[in-house]
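Below: one structure, written as structure tokens.
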Amino acid sequence: MPVMTMIQAIRAGLDEALETDPRVMIVGEDVGALGGVFRATDGLQAKYGEARVVDMPLAEASIVGAALGLAVSGMRPIAEIQFLGFAHQAFHQIGQQVARMRFRSQGHCAVPLVLRAAFGGGVRTPELHSDAFEAFYAHCPGLKVVMPATAYDAKGLLATAIADPDPVLFCEPLRGYRLVKDDVPDEPYRVPFGQLRIARAGREVTLVAWSAAVQLAERAADALAAGGISAEVLDLRTLNPLDVDGLAAAVARTGRCVVVQEAPLSGGFGAEVVATLVETAFYHLQAPVERVSAPDTPYPLAGVEDFYLPSVDDVVHAARRTLAAA
Amino acid sequence: MPVMTMIQAIRAGLDEALETDPRVMIVGEDVGALGGVFRATDGLQAKYGEARVVDMPLAEASIVGAALGLAVSGMRPIAEIQFLGFAHQAFHQIGQQVARMRFRSQGHCAVPLVLRAAFGGGVRTPELHSDAFEAFYAHCPGLKVVMPATAYDAKGLLATAIADPDPVLFCEPLRGYRLVKDDVPDEPYRVPFGQLRIARAGREVTLVAWSAAVQLAERAADALAAGGISAEVLDLRTLNPLDVDGLAAAVARTGRCVVVQEAPLSGGFGAEVVATLVETAFYHLQAPVERVSAPDTPYPLAGVEDFYLPSVDDVVHAARRTLAAA
Amino acid sequence: MVNVLDPSGTLAAGTASPLDDDEVLAALRLMKLSRAFDAKGASLQRQGRFGTFSQVAGQEASVVGSAWALDPVRDWIVPQYRELPALLRHGYPLSNFIRYFQGNPAGGAIPDGVNLLPIQISIAAQLPHAVGLAWGLQRQAKDAVVLVYFGDGASSEGDFHEACNLAGLVGAPVVFFLQNNGWAISTPRRKQSAGRTLAERAAAYGFPGAVVDGNDLFAVYAETARAVARARDGGGPTLIESVTRRLGPHNTADDPTRYVDPADAEHWRALDPIDRVERYLVQRDAHHAARIAAFDADVAGEIERALADADGGDAVNRDQLFAHVYADPPVRVVRQRAQRVLGDR
Amino acid sequence: MVNVLDPSGTLAAGTASPLDDDEVLAALRLMKLSRAFDAKGASLQRQGRFGTFSQVAGQEASVVGSAWALDPVRDWIVPQYRELPALLRHGYPLSNFIRYFQGNPAGGAIPDGVNLLPIQISIAAQLPHAVGLAWGLQRQAKDAVVLVYFGDGASSEGDFHEACNLAGLVGAPVVFFLQNNGWAISTPRRKQSAGRTLAERAAAYGFPGAVVDGNDLFAVYAETARAVARARDGGGPTLIESVTRRLGPHNTADDPTRYVDPADAEHWRALDPIDRVERYLVQRDAHHAARIAAFDADVAGEIERALADADGGDAVNRDQLFAHVYADPPVRVVRQRAQRVLGDR
Ligand SMILES: Cc1ncc(C[n+]2csc(CCOP(=O)(O)OP(=O)(O)O)c2C)c(N)n1
Ligand SMILES: Cc1ncc(C[n+]2csc(CCOP(=O)(O)OP(=O)(O)O)c2C)c(N)n1
Ligand SMILES: [Mg+2]
Ligand SMILES: [Mg+2]
């Protein structure tokens with residue numbers, strides 16, 4: 001089985017979809033000759049033509065809105081939003097139109113649409129490129145939100161997203177694009193939505209993460225292991241559907257939990273994880289569930305982003321605090 | 001002291017601001033001759049002229065974006081977004097521009113801007129008019145989010161918002177506009193941000209709410225009182241700043257808590273309240289903190305909204321469950 | 001401004017009717033049905049039996065003339081919310097429209113084979129949908145044209161610009177049908193844009209724009225038919241600005257006395273698009289008068305039947321919150337349904 | 001297309017230079033400073049000492065000519081991100097620009113009295129800001145004009161439309177300065193809009209539009225000066241499309257060999273806006289050659305001093321995450337600062 005980086009796995013998944021389903025189209029800014037600013041679509045326009053891999057004008061609301069129309073017409077559009085922060089320009093199209101079209105038409109107009117967007121910090125991008133804005137979308141009923149952390153999952157979840165009859169926001173961690181590498185089958189496969197992955201088994205404390213924070217949690221687990229503490233790392237994989245039962249069961253086993261999110265604290269998806277655990281595993285909790293996150297301030301310039309982002313140390317400290325508790 | 005409805009209190013606050021500060025301007029759709037679709041600006045254009053109360057073209061991003069420019073120029077704009085759901089069209093301007101301009105200019109460009117928006121359910125509006133979208137904005141660093149529940153607070157918090165050197169999103173509950181009535185001083189006063197209000201004192205269980213859900217919680221407290229249970233109702237008043245200490249102290253007193261939100265469950269601000277309580281009052285909690293909310297589905301048509309919105313009964317049941325626990 | 005039929009019901013010099021008398025009679029009947037439904041809906045609304053809705057009155061020529069240029073079997077309509085007779089002609093049942101405005105989600109259901117997107121509430125958001133839909137249909141060689149309705153207010157939204165710009169680039173078979181009815185709620189056209197016309201924006205997107213007398217059924221029909229034919233032949237989009245006036249309030253919650261000048265209202269009432277067609281028909285053939293006279297009872301009957309159908313449908317229920325949200329709902333939603341619908345607490 | 005100075009440095013028949021030689025020399029020096037900084041920045045970036053940034057090369061006449069038409073004391077610039085020399089002329093220190101692109105938040109600081117908004121990353125979002133700013137300054141009788149920069153890519157965003165439409169309505173004293181440099185990253189102008197020009201959109205918003213040769217310092221200056229004067233006299237907005245070409249990559253992370261046709265690049269290199277001004281000056285007076293020759297060392301020195309200033313400033317620190325977020329930070333933010341900056345865990 002070949003080892004691929006995450007971006008290679010995504011490209012392979014896109015290629016496979018274009019190859020096997022003539023209804024699939026890719027639309028987005030710079031997805032053609034350039035192959036996307038991260039090369040996720042490298043070579044695909046040359047292979048499938050300008051009618052199937054389309055450079056769109058610089059206008060996110062119409063990229064998403066037109067993709068909705070394409071989907072209703074019978075196509076299977078995959079729209080690339082260059083950075084998740086620029087999905088804001090299309091927010092009305094995503095949260096109110098794409099996510100609700102099935103409901104508003106009482107099932108008449110389905111929107112099988114995948115929105116791909118790069119996001120997250122740690123790679124020294126210009127301002128407004130790095131925020132981890134997933135929480136906004138996880139609060140939009142009708143929209144599935146997928147956050148792969150590994151190359152294997154990226155390809156497998158992308159296949160599931162493309163096959164899904166409903167709209168999916170597929171968030172790709174900038175930090176993982178080239179750094180994350182793992183075994184990825186050449187043949188088609190799907191990773192189901194709504195099933196978390198135990199990224200590393202452990203007994204004393206559960207670290208919950210998604211996307212690039214999974215690797216952070218794994219490094220924290222290494223550090224904890226070095227200090228004799230056995231930490232389990234959960235990768236949520238999808239925020240909607242959320243694997244409520246898997247989460248409850250895992251945390252019930254350890255009784256101690258740290259949720260790691262890259263976004264600012266207040267209103268981030270980590271709060272949902274904590275609230276869900278309170279509802280499902282309260283009597284197993286032996287210590288307050290801790291959240292490790294960025295502060296409640298805007299994503300700063302690259303020179304200080306390492307201060308801003310949650311660190312291995314932050315996770316380790318939080319885990320130790322939960323273990324010291326009561 | 002005169003009794004005013006919430007909409008009257010807001011209008012009085014706007015009038016006072018226009019009267020006392022020549023820099024204040026109102027911009028928005030239909031704010032002029034019509035006086036706004038809810039009459040919040042009724043008579044103000046006639047009194048202060050077309051240059052200070054301005055009917056804007058139907059384009060939310062430019063209403064917010066131009067208001068940012070007006071604020072930087074030295075004016076004190078108050079922009080009306082007709083319904084919070086239509087702030088989506090301006091989401092990029094709100095979350096990334098307005099909220100971050102002070103930071104991005106390192107203090108050079110302050111944005112003293114108030115965005116007023118009607119929101120929330122229960123008044124049989126057309127589709128997309130009723131969603132309770134406050135959680136999106138409470139996750140935008142740099143933006144204060146204010147949610148008055150009473151007429152007194154509406155006027156006092158509006159005065160604080162207008163005086164604030166930073167941008168404030170001021171959310172007005174559609175349901176409260178005419179139904180909520182209380183004593184409102186004619187003279188100017190301010191209600192500070194970040195201090196919750198104990199809407200009703202109680203001993204056994206704490207009901208946490210904001211905006212129109214406060215009245216729901218109060219009715220639930222009545223029902224519980226009828227059954228011999230003493231419930232305290234907290235009105236958060238502002239989501240950012242959040243009164244973390246007030247919240248922790250109040251819940252510590254009862255050890256049992258129900259958070260009531262009008263929004264869909266997943267990713268709503270109620271999750272933030274629960275997560276905050278876990279961090280600050282965990283050892284006082286005698287039962288899981290419960291959330292009462294709408295389901296994770298889109299706001300439906302008016303004929304079924306009563307099924308959708310959280311009910312007094314839902315709150316009462318949740319409170320009883322927390323009391324029955326352990 | 002393109003004009004065919006003048007207010008007295010006379011054809012302008014050098015023009016001919018683009019429709020034969022039977023078709024004109026059918027269009028007139030639909031215009032009258034719309035006008036009658038406006039009155040019925042408003043009265044039900046006052047009785048609390050109907051939700052807030054937007055009447056068509058004054059714009060019937062604009063709506064019916066444009067819809068008449070489409071083939072419901074092949075072509076699509078992407079509506080805003082003030083185009084009831086176009087939806088009916090395209091096959092959407094009046095009883096569904098009624099159910100929708102009674103607040104019953106079932107009313108949103110679009111029957112199979114009816115080429116419609118749902119009514120749009122978020123102003124201008126439907127414009128990019130129409131472009132994508134037209135583009136996709138063309139890609140699949142479907143020989144379909146998409147007509148999208150929107151208002152003068154909607155033309156100020158960013159979505160208008162993005163949609164037009166994209167349509168020009170991909171050559172989508174779409175007709176942008178802008179009903180300039182003078183108002184966006186209380187905001188007059190002159191506060192919406194400093195441009196002389198709204199149609200003149202089209203040229204800069206690389207396609208034609210035209211201004212038509214929106215109270216002239218023939219002008220609207222002919223101009224739309226031309227645009228539809230061009231789109232069908234691969235000639236790309238057209239922007240049509242139909243200049244008309246709504247005669248009633250913005251919707252049943254509005255109070256136009258706060259902002260409408262009575263003289264202006266009077267002026268436009270004299271240009272009523274229905275009267276104009278009636279005059280034309282009667283001038284053509286006095287026998288038409290009797291057929292026209294029969295329409296009133298006829299449309300009233302149709303409305304009563306639709307109301308009865310709507311009332312006879314299933315009552316609203318909790319399950320409607322959950323149906324059609326997802327093809328495959330997340331477990332959390334499944335449980336929320338179980339709690340709320342099946343009563344598991 | 002407005003043109004004054006041809007590529008050989010000769011004034012077109014019937015035109016005169018709008019600037020005297022001393023001013024032209026000063027403008028040329030700024031253009032050369034910009035070009036030299038492009039090279040320096042790219043080299044620092046390759047060494048990892050500078051972040052991703054967008055060079056001006058090829059667009060110096062467009063940027064400098066337009067900025068030259070403003071009075072920095074009264075007028076405002078609202079930038080996109082590719083207008084370094086305009087920022088410098090307006091009073092923004094080069095050392096701040098360097099600090100910003102080194103990733104130090106302190107670089108974002110705009111000194112008091114410098115009439116600038118920060119660099120904009122979110123494409124087109126600055127356009128409504130400029131309109132509001134101009135409108136507000138006019139309301140306060142400030143006698144100020146606002147010039148806003150944006151690109152051909154930006155012209156496709158909804159914010160462009162909304163901003164132009166509003167500006168036309170309120171008659172804001174704003175100049176929309178569109179640098180059509182042929183590309184939005186890899187997307188060519190022809191895939192951005194099917195319109196013949198981008199400037200022709202202005203008419204439909206009720207104000208004038210003009211296309212200028214963006215590689216012609218004099219044409220850009222003269223046309224911008226006309227627009228600024230009109231705005232100052234209460235004549236409202238203007239849209240200027242400056243047709244130019246970026247000669248380098250989109251930014252230091254880009255690989256233009258994937259999408260640029262070498263013949264096109266060659267064509268535009270021959271139209272270099274700096275060469276043109278040099279030729280003009282030397283044709284006017286051979287003595288200018290020596291002053292021009294001295295610029296290279298001169299601007300190199302200025303850049304070195306700015307780099308030294310930047311490096312001599314305070315190092316980045318954790319407190320920068322919290323400074324200038326709120327005038328009066330929420331208690332939660334105060335505590336987050338205490339934890340992270342003061343080390344209270
Ligand atoms: C994005 C958005 N903003 C605001 C509103 C509130 N609103 C509903 S209808 C309307 C006016 C629409 O005017 P126009 O497009 O001219 O259509 P008309 O009602 O005149 O047919 C407004 C402002 C909305 N529904 N959506
Ligand atoms: C809203 C938004 N969408 C996408 C991007 C990514 N992006 C950065 S620059 C750019 C191209 C801009 O082109 P143009 O406006 O022509 O300016 P130029 O770089 O050519 O000067 C894009 C797509 C962004 N920064 N903001
Ligand atoms: Mg209108
Ligand atoms: Mg460009």
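Per chain, numbering begins at 1; letters A, B, ... match sequence-line order.
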For D/Q336 and A/L265, run side chain to side chain contact (heavy atoms under 4.5 Å, CB included): C-alpha distance rounded to whole Å, both residues' side-chain angles, the deciding distance at 0.1 Å, then the answer.
CA-CA 10 Å; D/Q336 289 171 349; A/L265 182 75; 3.8 Å; yes

Could you look at D/Y100 and say if it's the side chain, the backbone, both or neither that has a heavy atom under 4.5 Å from chain A?
both

Heaviest contributor of heavy-atom pairs below 4.5 Å to chain D, chosen from A/P126, A/P295, A/A302, is A/P295

Is D/R258 close to A/D42 at the side-chain level, that is, under 4.5 Å between some pair of heavy atoms?
yes

Is there a side-chain contact between A/M56 and D/K191 (heavy atoms, below 4.5 Å)?
no

Given that the side chain runs from C-beta out, which part of D/Q192 has a heavy atom under 4.5 Å from chain A: side chain, backbone, both or neither?
both

Residue, of D/F53, D/F322, D/Y326, that accumulates the most heavy atom pairs under 4.5 Å with chain A:
D/F322

Verdict with reasoning, A/D314 to D/Q339, per side chain to side chain contact (heavy atoms under 4.5 Å, CB included):
CA-CA 11 Å; A/D314 294 337; D/Q339 270 173 10; over 6 Å; no

Report yes if the side chains of A/L58 and D/E157 come closer than 4.5 Å at any heavy-atom pair, otherwise no.
yes

Examine whether an atom of D/N317 lies under 4.5 Å from a heavy atom of chain A, and if so say whether it belongs to the side chain, the backbone or both; otherwise answer neither.
backbone

Portion of A/E127 that has a non-hydrogen atom of chain D nearer than 4.5 angstrom
both

Heavy-atom contact with chain A under 4.5 Å, split by part of D/V316:
both

Side chains of D/S122 and A/H88: does their closest heavy-atom pair fall under 4.5 Å?
no

Atom pair CG (D/L321) and CD (A/E305), whose distance is rounded to the nearest 0.5 Å
11.0 Å

Look up atom CG in A/L34 and atom NE2 in D/H250, then write down how far apart they are to the nearest 0.5 Å.
10.0 Å

Does D/Q120 reach the side chain of A/L128, with side-chain heavy atoms less than 4.5 Å apart?
yes

Between D/T52 and A/R124, does any side-chain donor sit less than 3.5 Å from a side-chain acceptor?
no

Given a strict heavy-atom distance threshold of 4.5 Å, which part of A/P300 is in contact with chain D: side chain, backbone, both, or neither?
side chain

Which bit of A/V54 is near chain D, if near means a heavy-atom gap under 4.5 Å: side chain, backbone, both or neither?
neither

Does D/D261, at its CG atom, have more than 12 non-hydrogen atoms belonging to other residues, nucleotides or ligands within less than 6.0 Å?
yes

Does some side-chain heavy atom of D/N104 sit less than 4.5 Å from a side-chain heavy atom of A/L301?
no

Contact summary for A/A59 and D/S156, nearest pair of heavy atoms:
CB-O, 3.4 Å

Please state whether the side chain, the backbone, both or neither of D/A124 comes within less than 4.5 Å of a heavy atom of chain A.
neither

Please report the interatomic distance OH(A/Y308) to CZ(D/R340), rounded to the nearest 0.5 Å.
9.0 Å

For A/E60, is it the side chain, the backbone, both, or neither that has a heavy atom closer than 4.5 Å to a heavy atom of chain D?
both

Pick from D/T257, D/D254, D/V325, D/I185: which one has the most heavy-atom pairs with chain A under 4.5 Å?
D/I185

Side chain, backbone, both or neither: which part of A/F86 has a heavy atom under 4.5 Å from chain D?
side chain

Quiz question: by atom type and distance under 3.5 Å, do the side chains of A/D55 and D/T187 form a donor-acceptor pair?
no

Region of D/R332 that comes under 4.5 Å of a non-hydrogen atom in chain A:
side chain

Whether the side chain of A/D30 engages the backbone of D/S186 through a donor-acceptor N/O pair (distance < 3.5 Å, no angle test) should be reported.
yes

